[in-house]
Amino acid sequence: MKKQLKNAIGAAMAFAGLFAAICTMDGSAHELLVRSMGVAAFAIGAWLAEAYDFQDKKQEEYDRREDHDPYPEEMAEHPVGEIQ
């Protein structure tokens, strides 16, 4: 329950921050302050909601493994240009 509440609060904070950053009227008083606070609230809310890729607990499963020998053994046995 605690994790769900943290995720819900983070999602609401991210949405409110995004709203403040985007919907602030151009030329209004303290426009830069409101927009920068909105961006900061969005970043903190997304971190609380665990929306970033580096917060994924199962990252080890999705790591890309580099294959240094892309051709299987049976492909190495056939010479190039052989007519069958």
Side-chain angles (χ1 to χ4, degrees):
M1 182 69 181
K2 184 178 177 182
K3 185 173 182 176
Q4 290 176 346
L5 181 63
K6 181 181 139 188
N7 286 346
I9 290 171
M13 188 174 175
F15 181 74
L18 190 62
F19 183 80
I22 293 175
C23 296
T24 302
M25 187 171 62
D26 291 342
S28 63
H30 308 293
E31 176 188 1
L32 287 177
L33 178 66
V34 172
R35 286 185 189 259
S36 60
M37 293 300 289
V39 170
F42 173 75
I44 293 170
W47 177 71
L48 283 175
E50 297 180 3
Y52 292 118
D53 288 339
F54 66 83
Q55 292 176 319
D56 190 14
K57 309 294 191 269
K58 298 179 183 178
Q59 187 66 27
E60 299 87 31
E61 297 175 11
Y62 300 109
D63 284 343
R64 178 180 234 175
R65 291 183 177 85
E66 190 171 328
D67 188 9
H68 295 288
D69 187 17
Y71 300 105
E73 296 290 329
E74 59 269 6
M75 294 298 288
E77 294 174 3
H78 300 289
V80 177
E82 179 181 348
I83 299 174
Q84 295 181 358

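All residue numbers refer to positions in the sequence shown, counting from 1.
- Through side-chain heavy atoms spaced under 4.5 Å, either directly or across other Ile, Leu, Val, Met, Phe, Trp or Tyr residues, Leu33 is tied to Met37.
- Contacts classified as salt bridge (Lys or Arg N to Asp or Glu O under 4.0 Å) and involving residues 28-37 (residues at least two apart or in different chains) are given here: Asp26-Arg35, Glu31-Arg35.
- Shown here for Ala20 and Gly38, the closest heavy-atom pair between the two residues is CB-CA, 4.1 Å.
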In a table with atom names and distances, give each donor-acceptor pair under 3.5 Å that connects a side chain of residues 6-16 to protein atoms at least two apart or in another chain.
none

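- Apart from Leu18 itself, the hydrophobic cluster it occupies contains Ile22, Phe42, where clustering links Ile, Leu, Val, Met, Phe, Trp and Tyr at side-chain heavy-atom distances under 4.5 Å.
- The salt bridge (Lys or Arg N to Asp or Glu O under 4.0 Å) pairs that include a residue from residues 11-21 number zero, where partners must be two or more places apart or lie in different chains.
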